[in-house]
**Q** 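Here it is, the structure, as structure tokens.
Note on naming: letters A, B, ... go to the chains in the order of the sequence lines (proteins, then strands), and numbering restarts at 1 for each one.
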Amino acid sequence: MIVAKRKPFDEIKDFLKDYKKVLTAGCGTCVAVCLAGGEKEVSVLNAELDMARRLDNKPIELGAITIERQCDREYLEALDSMVEGYDAVLSLACGAGIQFLAERYPEKPVFPGVDTTFIGVNQDVGWYEERCRSCSSCVLGMTAGICPVTMCAKGLYNGPCGGTNKGSCEISKDQPCAWYMIYERLSKQNRLDNILKITPVQDWQNQKPRTVIQPGYKTSENSAEK
Amino acid sequence: MKSESNLEKVLSAGHFAFTGELGPPRGTNAEEVRKKAAFLKGNVDAVNITDNQTAVVRMSSWAASLILIQEGLEPNFQMVCRDRNRLAMQSDILGASAHGIKNMLCLSGDHQSFGDHPMAKSVFDIDSIQLIGMVKQMRDEGTFLSGNKLDEPPKMFIGAAANPFAEPYEWRALRLAKKIAAGADFVQTQCIYNMDRFREFMKRAVDMGLTEKCYILAGVTPLKSVGMAKYMAGSVPGMDVPDELIERVKGAGKGKAAEEGIKIAVEQIQEFKEMEGVAGVHLMAIEWEHRVPEIAKMAGVLPRPVV
Amino acid sequence: MRLDYPSNIKIIRVPCTGKVDVMHLLRAIQKGADGVYAVGCLEGACHYNEGNLRARERVNHVRRLLEEIGIEGDRVRMYNLSSGEGPTFAAYAREMAENIKMLGPNPLKKH
């Protein structure tokens with residue numbers, strides 16, 4: 001899932017300083033699961049904003065709504081009737097959701113309430129770790145299911161580098177060396193030949209905005225846009 | 001001859017090579033480069049010029065290399081993958097070659113979090129093995145990485161680094177083989193302190209036939225003090241400093257640690273001269289360039305061959 | 001046991017402090033309470049293993065949130081005792097009341 005972190009309160013407060021009526025919009029999918037931007041986080045943030053603005057003698061009227069997904073028109077539609085009544089929208093969705101919302105209401109100032117952080121896994125309640133950089137050319141088949149682009153601090157395709165440190169990365173003893181892990185796992189699977197070959201340079205595909213049209217879903221409209 | 005560099009000539013003539021290292025200044029002080037170079041002149045076959053070593057900004061490696069050429073020394077131009085993408089790398093290689101730089105050492109580069117700009121965005125467009133392959137392609141096929149032809153190939157003697165001490169040990173020689181397959185003509189190793197482990201590494205390299213395909217230069221960094229020995233042992237990733245060695249430097253007594261460090265380095269060099277598969281020594285006397293002449297003399301590697 | 005504890009404390013019973021949410025604590029302050037504290041079982045003695053530990057973490061979180069918006073974090077506290085410790089309960093209540101007296105009224109009341 002996409003993992004996000006709540007933005008520092010002062011930054012959010014500063015975004016909203018000129019507005020008196022703001023709609024805080026949560027997203028019920030990834031950011032809700034990672035406890036950053038779901039219904040509950042909307043209530044907490046609104047409570048904070050309410051108190052802070054009262055203390056500043058600049059009370060603010062806050063609306064709250066959490067929709068299933070802000071990255072999906074089908075759900076965004078639920079906001080259409082509400083947004084009009086507010087000076088600005090504070091979105092707790094990931095960067096994609098915020099942009100889709102902002103795109104739908106181009107006249108309305110839209111602000112981010114979270115910093116979108118990574119694509120990751122749930123290690124425990126409230127504890128997430130990055131696993132994927134969405135590079136568009138997955139090498140996990142070669143690397144025993146451990147991503148060198150994400151998990152190696154240098155994103156090496158032919159690692160480990162000379163800084164590998166007794167199983168840890170040179171940047172920190174707490175950070176495992178991805179290539180050490182890749183070696184160990186491949187070795188156990190008798191698949192070391194995978195990395196004896198030189199992996200050629202990457203054709204980077206994440207250097208410009210990407211579009212995916214799944215096979216069988218091509219229409220005259222979407223292929224024209226592409 | 002691939003490059004006609006002095007280092008290549010020395011090695012291909014079968015001489016035991018001896019290379020040095022010089023860290024460019026943190027400013028425009030060309031005089032400092034010249035001063036350090038003076039200690040190395042005549043005592044080494046080529047001088048590695050580090051590239052923003054430990055991710056700290058310094059005078060660019062190719063620029064300091066040019067100063068060395070002006071001073072009559074041969075540089076070994078280091079290039080890391082951290083700071084440049086494939087476009088910048090290739091253009092720097094062309095420029096370096098056009099100015100008479102004939103050796104290159106291809107490295108990943110220390111992570112930027114170690115340096116003076118820890119929040120910088122790193123590049124790592126390609127990695128060190130891919131860089132080796134790219135230089136070889138430019139030199140031998142006369143084409144850019146894209147496949148397009150280039151006008152006058154850069155004649156580089158291609159170097160790589162090897163760390164015989166990082167775990168998993170079984171992988172070390174295999175990785176060396178990968179670098180050689182990519183196109184490394186010579187290899188300079190990480191500073192060696194654990195001689196037992198290095199002997200094993202060399203035996204493996206010889207058994208695999210790697211020393212037939214590539215010149216291996218053993219890395220030596222004299223320990224200047226007990227503090228440095230402990231720092232190397234505890235804080236430098238991938239470094240292996242046995243306790244006995246730290247004890248030996250400590251045992252030398254107050255004010256004598258540096259002399260003991262030099263003595264150890266000299267003993268190491270003497271052993272490397274006899275060790276099967278070792279083609280030379282790379283002496284990294286960090287901020288100790290002025291001690292290089294005496295180390296070279298004591299180790300019996302002078303005078304340097306003229307080829 | 002007839003134990004005295006300050007009469008200006010309103011007790012809300014929950015099955016376990018693990019049930020106490022960030023929003024409960026925050027809402028109490030938002031609605032004008034001068035302070036709010038959670039009283040849980042002794043650490044290591046939670047019937048649900050870690051309810052009281054989670055509560056402590058949430059209390060700490062709310063303290064940070066309040067500091068962020070300019071309200072004293074110490075208006076929110078966590079205490080632990082065993083169910084048989086009536087006198088300790090009363091002592092903590094007095095301590096909390098003293099603490100709040102020192103901090104003064106909830107600053108939101110002026111607004």
**Q** So which part of B:Leu107 gets closer than 4.5 Å to some heavy atom of chain A, the side chain, the backbone, both or neither?
**A**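 No part of B:Leu107 comes within 4.5 Å of chain A.
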
**Q** Below 4.5 Å from any heavy atom of chain A, which atoms of B:Arg82 appear? Answer side chain, backbone, both or neither.
**A**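 Neither; nothing under 4.5 Å.
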
**Q** Got a donor-acceptor contact below 3.5 angstrom from the A:Lys154 side chain to the B:Asp127 backbone?
**A**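 No; zero donor-acceptor contacts below 3.5 Å.
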
**Q** Where does A:Tyr157 contact chain B at under 4.5 Å (heavy atoms): side chain, backbone, both or neither?
**A**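 Backbone plus side chain of A:Tyr157, per the 4.5 Å heavy-atom cut-off to chain B.
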
**Q** Is chain A contacted by the side chain of B:Ala181, its backbone, both, or neither, given a heavy-atom distance below 4.5 Å?
**A**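 Both parts, backbone and side chain.
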
**Q** Given heavy-atom pairs under 4.5 angstrom as the criterion, report whether the side chain, backbone, both or neither of A:Lys173 touches chain B.
**A**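 Contact with chain B: side chain only.
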
**Q** Between B:Ser113 and chain A, with a heavy-atom cut-off of 4.5 Å, which part of the residue counts as in contact: side chain, backbone, both or neither?
**A**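 Just its side chain gets close to chain A.
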
**Q** Against chain B, work out which of A:Ser172, A:Ser187, A:Ser168, A:Gly159 has the most heavy-atom pairs shorter than 4.5 Å and name it.
**A**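 Most heavy-atom pairs within the cutoff with chain B belong to A:Gly159.
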
**Q** Begin with the C-alpha distance, continue with both residues' side-chain angles, and end with the deciding distance and a verdict on side chain to side chain contact (heavy atoms under 4.5 Å, CB included) for A:Trp179 and B:Arg175.
**A** CA-CA 12 Å; A:Trp179 276 98; B:Arg175 181 161 165 81; over 6 Å; no

**Q** Chain A heavy atoms under 4.5 Å from B:Glu170: which part of the residue, side chain, backbone, both or neither?
**A**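 Both backbone and side chain.
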
**Q** Using a 6.0 Å cut-off, check whether atom CG of A:Asp193 has over 12 heavy atoms from anything other than its own residue.
**A**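 Check passes, neighbour count above 12.
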
**Q** Check whether A:Asn165 reaches the backbone of B:Pro237 with its side chain - one donor and one acceptor, N or O, closer than 3.5 Å.
**A**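 Here the side-chain-to-backbone pair does not exist.
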
**Q** Sort A:Pro160 into side chain, backbone, both or neither according to what part of it lies under 4.5 angstrom from a heavy atom of chain B.
**A**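 Contact with chain B: backbone and side chain both.
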
